[in-house]
Amino acid sequence: MIQVFDRLPKLGISQQVIYALKCITLTGCRPIEVTGAQWQEFDFDKMIWTIPAERVKQNKDGERTHKVPITQNMVILLDELRAAFGYLNSKYVFPSTTTNKSGPGEQPIDRHSLSRSISRKLEQLGVPKFVPHDLRRTVATRLGDTDIGTDPIVIEKILNHQLQGVQGVYNMQEYMEARRKALEVWGRKLQSL
């Protein structure tokens, strides 16, 4: 993973795409949840990012938001994004700088631009084929490894998966503090990103 993030800027991948991929890696969120992020969704007093229902994969029963703990690495990433793209005065965390349909900053980057950027440079990256959504599997796998040791239910909550069976019916716990701790440990392992 470090190899990929080290190589991306050298291969001409845009800053927005690199930052979005890092955000997926730090949070385990889906590409659509990340690329459409708006500044108003971030509560820095409570250190929670609330992703609205329209960008969250839903169960058949309807609307739910996804609350993501804001870790120290996320604060650093968001500060870098604000410094890099603040001149656009955009409501989007990952603003598009192109002017195809509207002016710069008026739309977020297209979530498909993440996978297109990776697929165009895959051979030069020198890693097995992957898509940005696969970063979620990496996050889940690493969180479960013995050096981090995150409880599987907490991993499911980080990934915003619905608990199944009896757990899904009776366990209403959000595990927010356990999620925060797991993502902090994970973030420390990724410090060199």
Test your reading of the model: is there a side-chain donor-acceptor pair from E184 to the backbone of Q72, 3.5 Å cut-off?
yes

Do side-chain atoms of D43 reach the backbone of K46 as a donor and acceptor pair under 3.5 angstrom?
yes

Residue pairs passing the side chain to side chain donor-acceptor pair (under 3.5 Å) test where at least one lies in residues 73-88, sequence neighbours excluded
Y19-E80, N73-Q191

For the atom pair [atom1] ([X]) and [atom2] ([Y]), what is the distance rounded to the nearest 0.5 Å?
| X | Y | atom1 | atom2 | answer |
| --- | --- | --- | --- | --- |
| F94 | S14 | CZ | OG | 11.0 Å |
| H66 | I51 | NE2 | CD1 | 5.0 Å |
| L26 | L21 | CG | CG | 11.0 Å |

Classify the ring geometry between F42 and F44 as parallel (under 30°), tilted (30 to 60°) or perpendicular (over 60°).
parallel

Between R55 and E41, does at least one N-O distance fall below 4.0 Å, as a salt bridge requires?
yes

Apart from I48 itself, its cluster of hydrophobic side chains linked below 4.5 Å comprises M176

Paired with E174, the salt bridge (charged side-chain N to carboxylate O under 4.0 Å, His left out) test is passed by just one of K67, R179, R180, namely R179

By side-chain hydrogen bond (donor to acceptor under 3.5 Å, both in side chains) - contacts of Q124 (at least two apart)
none

Got V34 and C29 here, is their nearest side-chain heavy-atom distance under 4.5 Å?
yes

